[in-house]
Structures are given as structure tokens and as C-alpha cells.
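Structure first, then comments.
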There are 2 protein chains.
Amino acid sequence: MKIFKEYGYYKELIERHIMDFIPEIEPNSKTLYDSMHYSLENGGKRIRPAMLLAACDLSGGDVAQALPYACAIEYIHTYSLIHDDLPSMDDDDMRRGAPTNHVAFGEAVAILAGDGLLTSAFEAMNKDMLIYFDSPELLKRRIRASYEISKGAGCKGMVAGQIADIESENKSASKELIDDIHLNKTAALMVAAVKAGAYLGGAGKELVADLESYGENIGLAFQIADDIQDTLEDRGGATADSGTIRNRPAYPTLYGLDESRKRFEGVIGNARKIIAPYYDNAEFFVELIDMIIGLAERGQIAADDKA
Amino acid sequence: MKIFKEYGYYKELIERHIMDFIPEIEPNSKTLYDSMHYSLENGGKRIRPAMLLAACDLSGGDVAQALPYACAIEYIHTYSLIHDDLPSMDDDDMRRGAPTNHVAFGEAVAILAGDGLLTSAFEAMNKDMLIYFDSPELLKRRIRASYEISKGAGCKGMVAGQIADIESENKSASKELIDDIHLNKTAALMVAAVKAGAYLGGAGKELVADLESYGENIGLAFQIADDIQDTLEDRGGATADSGTIRNRPAYPTLYGLDESRKRFEGVIGNARKIIAPYYDNAEFFVELIDMIIGLAERGQIAADDKA
């Protein structure tokens, strides 16, 4: 019997275990621990780890055994926010209603907290693999999951999206560039989350492919909604033909607001279609779609969990 | 028959393959590739990857198959230098006679280049594991190697050393704090290099333990020599009783120059003693000791490959 699990179930599980896979810190590096802890405990919707756990569940896996990977992906997401907020990057002072990491701990500590979180993610997954030396099949699933996460976070994934985003500043953007940035910056790690969860749960090829496609559409939906929101907030600040918001390429300035809303509805529709066949066991994935629509309607995408 | 291999052999091999395990970069993130390439090609002694390959060799392994791990550890070392040089950290403009990454590419790109290198290290190792799914024994060696590297680079290793180093500024240091910083900041990744190489080569427990101990002593030798050098360069800049150089704790100001030299000779002597039984097959490890002594005598430790 499948137990019905909602978003809140996964979120609560992740938050209970979020510090479990950070190595015990020695007294001389207590500040490192404090700064990582500060950002990890600072709210957020835990979308990526929840996606990972739900994908594992849907694939018939044991969610408790997927926790190191779920937390690893949240460590990676959190490191990316800390580095993204730095003065030389987006220079944000506040995130989720609290001072950003570098405001609270200083720039040097914030950089190292990010580095520590990223490294801890892989340390956690590697350490977990050691447990499965006598179960070749379960071991392979873990290696595949970790590899997906490394790709999603890396130079053809999230980091590529970040650099393309920075580079695109003050340039008029092509549709290809915008798609590329959005896919890498946000969707790559969401795709990694569901694929990793699917592998951990032992999903077959078809389910892996469906979850991948779902993750990609959800990632695009997030980013388009974020762009729409920025446009509504910044109205008048960007010239209509430059294809930029805050001097970076964005959907609405390239396509117009109406067309952007249609695109948002399009990718949301894709996600619904993909998950429909699994409906009875995929409550979370339907809930996530509704949640994103709700956030977009209330204009709360960027404020809470951007990038 | 064992082929005699010198330092130069490993160094040349690493430099020939140093870009092989960086993911192919898409046009929109070309700057990311360029900035990573810039720092990876910018000289350096390649000590850590050479240690890894030599340890693999000494353990009877195939050096060519250890290359992803050797390059991974050089990616990690290189990322740590890029982040360490940033204005909010050590604020260095030059490294190895060339502008530092952030001077050449700007701070934002430098931070992302570091992030990209760190992630690529784990992506490279993870990808390599996929090849060995049908060879359980070789697969386990790879997981152990990758885990050692993650630990050496992480929150109980290199990143811990960095934060303790920063935190210790303007504090008078205890001997324990100095040992702790040195072990984590420099020795941890060297220990990881030789242990990873030993695992990859299929070393038994005794050889793994000996190489670990060798790596620790070599790491300490590096750091003590670096401190001695800084003291000689900064003479007069630090007060004798504060235990600091450039306002950070250091050996010579705590122990005096003579005692520091004795300590340097002590750890070098330990390394020699540990590697002696393997002498006929461990030419590299003897050569490395002699090289460090030479660098220390010529005052070239910090200038070239610090931290």
C-alpha cells in the first residue's frame, strides 16, 4: 500500500535532517559551521530535496535512504544562494527576511561557507556509497544519483547558467540565450533532483525520462514566473526593446507580458500532462504545480526561493 | 619490471591531461571555461596530483586510470587558490608571476570559476565510476578515493583550515591551534592525494597508513617552511611575542626561528623514515622530499605554490 504523502511531509523530513550530513566541526572552525547552519536553517521551500524524495517515492524507493542525496542537493542550492548574494555578484543584503550570509558573517566566511556546503554535498553522498559496498545494485543507483547532481550543479548546469546570466548583462538577448540561461540556471538542478530521486528509487527508463521532462518544465515555469514578477516590479526601468530587466535578458521584455504568461501556462501544462499517468501515486508533483501557480499569482516566487 | 618514474614524468602527464575532465562548455558560458583554463594552465608544481599518481604507482595500480582523480585534486587545489586570492580573502593581485583570476576576469567570474572547478572535480570522479560498474573491486577503490578527496577538501579538511586561519587573525595562537590550522590547511589535501592514489592502486592497509603519514609530514614541512620564509621576509613587522606573522599565527613567532627549523627537519626526517622501506620503487617520494628542502633553502615555497 502506498502511503499518501504531501509536500509538507517531505519538507518536514528534510528540515529535521538538514544538518545530519554536515561533518562534525572542530572548535577552531566553529564559525564555518555557524555560517552554514545559518543559511541552511533560514527557511526556503526545500523544493529541490522534496522533488528528489518524491521522485524516489514514486519510483518505489525508500525515502529515508535517499536523505543524504536530498540534503546534498539542498546544500548545493544553499551554497549557490550564498555566493549569488555576494557583493561582487547580485549584492543582496537580505534573503527570506534575514540578512544574507555575508552581511551576517562577512564576505570571506560567506565564500568559505559556500565552498564548505558544496564540498559537504559530495562528501555526504560519497560517504553514503560506502554503506552499499555489498549491494551492487543499490550502489550503482547511488553513483548515478550523485553523478546527476554533479552535472546539474556544474559547468554545463547551474554554474554555466550563472555565468551566462552575468555575461548577458547589458546585452540584448536572443531567445536561444534566454532559454539556455533559464534551463541551466534553475531547471538543471531541478532535473538533477528528480532524476537522482528516480535512480535512487530504482525507476525504469520511462519514468526517469518523464520525471526529467517534468523537472525541466517546472524549472522553466519558475524562471518565467520570476521574470514576469521582476518586470511588474521594475516597470519603466527597462526599455521595451532591449530584452532586459535590471539589464539582464528576460522573457517579458523579449516576448511581452502576455506572451510570457502564455509560455508560463504552456510549461505548466506540459508538466501536468507528463505527471497525469502517475496521478494516484504522484500527489506531490500535482501539488507542486499548484503551488507554483499560487506563488506566481501572489508574486512570491523571487522573494522566497529565487534561483 | 617497474619503470623508474620521476617527478617530471607525473607532472608532464598531468599537464597534458589537465583539461580532459572539465565538461565541454557551451558558447554562452565560454568565459567560465576561459577563467578555469587560465588558472589551471598557470603553472604550479602539480604536487598533489603527482603525489596521487605516484601513490597509485607504488601500490601497483595503473596510473592512466588514476588521471581523473589526479586532475580532480588539482581542480580542487586550483579552486582553493582562486578563492583564497579574492579581495575579501588574501587580496592577492599576482600568483606565479601572473595576475590572479579575479584581476584577469573580475570577482564574480573568479568566484564562479572556483565553484565550477570544485564541482567539476566531483563530476569527473563520479563519471569515472560509471565505467567500472562491472568491476566491483575497482569500483570500490574509486569510491574510497573520491571519499578521501571529499574529506580532505571539506569542512574537516581544507575549508576548516582556511576558516581557522582567517579566524585566528590578530589572535595570539596556541601551539594546538597552529598545528590544527596547518594540518587542515595544507596537509589534509596532500594526505587525501596519497590515500586516494593508494586506494586506486589497490594498496593494503599498511601501505595506505604509511602513505597517509608521509603525506601529513610533507604537508607540515610545506607549511613550516612557508612560515619561516614569511618571517624572514617580514622581519620586524611582527612582534616576537604575539605568535603572529601578518597578524596570523605562525611557527617561528611562537617557537622562534631555530626551533622552527628543527621542526622542519623533524617532519622531513619522519617522511624519509616512512618512505625508506619502499625506496627502490618510491623514487618520486624521495625526490619530493629533496625538492621541498631545496625550495625551502631557496625561499621559494610561498612564491610558487603556497597553500
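Throughout, protein chains are lettered first and strands after them, A, B, ... in sequence-line order, and every chain is numbered starting at 1. These figures come from a predicted structure and were not determined experimentally.
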Out of [options], which one racks up the most heavy-atom pairs below 4.5 Å with chain A?
options                       : value
B:G154, B:A164, B:S146        : B:S146
B:K30, B:M129, B:H83, B:M36   : B:H83
B:L177, B:I166, B:L117, B:L86 : B:L177
B:G114, B:A160, B:G161        : B:A160

For atom CG of A:D134, is the number of surrounding heavy atoms from other residues, nucleotides or ligands below 6.0 Å larger than 12?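 Counting neighbours around CG of A:D134, 12 or fewer heavy atoms of other residues, nucleotides or ligands fall under 6.0 Å, so no.
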Check the surroundings of atom CD in A:E24: do more than 12 heavy atoms from other residues, nucleotides or ligands lie under 6.0 Å from it?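 Atom CD in A:E24 is not packed in, count stays at 12 or less.
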Shortest non-hydrogen contact between [X] and [Y], atoms and distance:
X      : Y      : value
B:L112 : A:V159 : O-CG1, 3.7 Å
B:E123 : A:C155 : OE1-N, 4.4 Å
A:F133 : B:K140 : O-CE, 3.4 Å

Let me know if [X] has heavy atoms under 4.5 Å from chain B in its side chain, its backbone, both or neither.
X      : result
A:S120 : side chain
A:D180 : side chain
A:L139 : side chain

Residue part contacting chain A, namely of [X], when any heavy atom lies under 4.5 Å:
X      : result
B:D165 : neither
B:M125 : neither
B:Y33  : neither
B:I149 : neither

Can you tell me how far apart [atom1] ([X]) and [atom2] ([Y]) are? Round to the nearest 0.5 Å.
X      : Y      : atom1 : atom2 : value
B:I111 : A:E107 : CD1   : CD    : 7.0 Å
A:S29  : B:E167 : OG    : CD    : 9.0 Å
A:I76  : B:D115 : CD1   : CG    : 11.0 Å
B:T119 : A:M158 : OG1   : CE    : 6.5 Å

